[in-house]
Amino acid sequence: QVQLVESGGGLVQPGGSLRLSCAASRFTLDYYDIGWFRQAPGKEREGVSCISSSDDNTYYSDPVKGRFTISRDNAKDTVYLQMNSLKPEDTAVYYCAAEPASYQLRFSWHSSAVWGSWGQGTQVIVSS
């Protein structure tokens, strides 16, 4: 059974940085695409970023493009989300998700419905 554990969330001032981690257990990340999503109170879960397993292509939603960077370390079975220049509107619970590698995922990664395995989430609060 795929298990994902997020960590690294916390309280940060606007303009600050955080690095989230998504650690996999009971499976190896080598053959999985990994996505990051977030959900703010009263809002739907939205795709933030995705990294493919086959070619390490990366994808970002427009609100985070240029500020967030996704990366993976397959040796550690961990995916990271480096978040810089944080804004109050980035406040949300952040989730990572895994799905067996698929060419089609690069077109639909932003939809939570295509991801089969999820972590429990980590809270990020951006506030002064």
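- One distance of note links CD of E99 with OG of S52; it measures 13.5 Å at 0.5 Å rounding.
- Cluster membership check: V124 does not share its hydrophobic cluster with F37, using side-chain heavy-atom separations under 4.5 Å among Ile, Leu, Val, Met, Phe, Trp and Tyr.
- When all heavy atoms are compared, the tightest approach of D33 to S53 is OD1-N, 2.8 Å.
- A search for side-chain contact (heavy atoms from CB on, under 4.5 Å) contacts involving P14 returns P88, V126, S128, not counting sequence neighbours.
- Residues V79 and S71 have side chains not in contact (no heavy-atom distance under 4.5 Å, counting atoms from C-beta outward).
- One distance of note links CE of M83 with CH2 of W36; it measures 8.0 Å at 0.5 Å rounding.
- Screening residues 57-90 for disulfide (SG to SG under 2.5 Å) gives no qualifying pairs among residues at least two apart or on separate chains.
- E44 CD to R38 CZ: the interatomic distance, rounded to the nearest 0.5 Å, is 14.0 Å.
- Remark: K65 engages D62 in a salt bridge (charged side-chain N to carboxylate O under 4.0 Å, His left out) (not counting sequence neighbours).
- Taking hydrophobic clusters as Ile, Leu, Val, Met, Phe, Trp and Tyr residues chained together by side-chain heavy-atom distances below 4.5 Å, L18 shares a cluster with V48.
- Looking at S21, its side chain never comes within 3.5 Å of a backbone N or O of E6 through a donor-acceptor pair.
- For T78 (side chain) and K76 (main-chain N/O), a donor-acceptor pair under 3.5 Å exists by modelled atom type.
- Between the side chain of D77 and the backbone N or O of L29 there is at least one donor-acceptor pair closer than 3.5 Å.
- Inter-residue side-chain proximity for T122 and L20 is flagged as met; some heavy-atom pair is nearer than 4.5 Å.
- Here the closest heavy-atom approach between residue Q123 and residue A92 is recorded as NE2-O, 3.3 Å.
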Going through the distances and angles, do R26 and V2 end up as a side-chain contact (heavy atoms from CB on, under 4.5 Å)? CA-CA 6 Å; R26 301 187 182 181; V2 171; over 6 Å; no
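- Remark: Y31 OH is loosely packed, at most 12 non-hydrogen atoms of other residues, nucleotides or ligands lying under 6.0 Å away.
- When all heavy atoms of N57 and R106 are compared, the closest pair comes out as ND2-NH1, 3.6 Å.
- A donor-acceptor pair under 3.5 Å is formed between the side chain of Q39 and the backbone N or O of K43.
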Pairs of donor and acceptor atoms involving the side chains of residues 109-119, under 3.5 Å and at least two apart or interchain, shall be tabulated with distances.
residue : atom : partner : partner atom : Å
S111    : OG   : A113    : N            : 3.3
W115    : NE1  : W109    : O            : 2.8
W118    : NE1  : W115    : O            : 3.3

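- Remark: Q82 CD to R19 CZ distance equals 7.0 Å, nearest 0.5 Å.
- Shown here are the salt bridge (charged side-chain N to carboxylate O under 4.0 Å, His left out) partners of R67, two or more places apart in sequence or in another chain: D90.
- Interatomic distance, CG of N84 versus CZ of F68, reported as 8.5 Å (0.5 Å rounding).
- Taken together through direct or relayed side-chain contacts under 4.5 Å among Ile, Leu, Val, Met, Phe, Trp and Tyr, Y59 and I51 form parts of separate hydrophobic clusters.
- Cluster membership for V12 and L81, using ILVMFWY side-chain heavy atoms within less than 4.5 angstrom, is shared.
- Heavy-atom contacts from other residues, nucleotides or ligands closer than 6.0 Å to CD of E89 number more than 12.
- T91 contributes no side-chain N or O that, together with a main-chain N or O of I125, makes up a donor-acceptor pair within less than 3.5 Å.
- By the criterion of side-chain heavy atoms lying less than 4.5 angstrom apart, applied directly or through intervening Ile, Leu, Val, Met, Phe, Trp or Tyr residues, L86 is grouped together with V64 in one hydrophobic cluster.
- Applying the ring pair (Phe, Tyr, Trp, His ring centres under 6.0 Å) definition to pairs two or more places apart or across chains, none involves residues 78-100.
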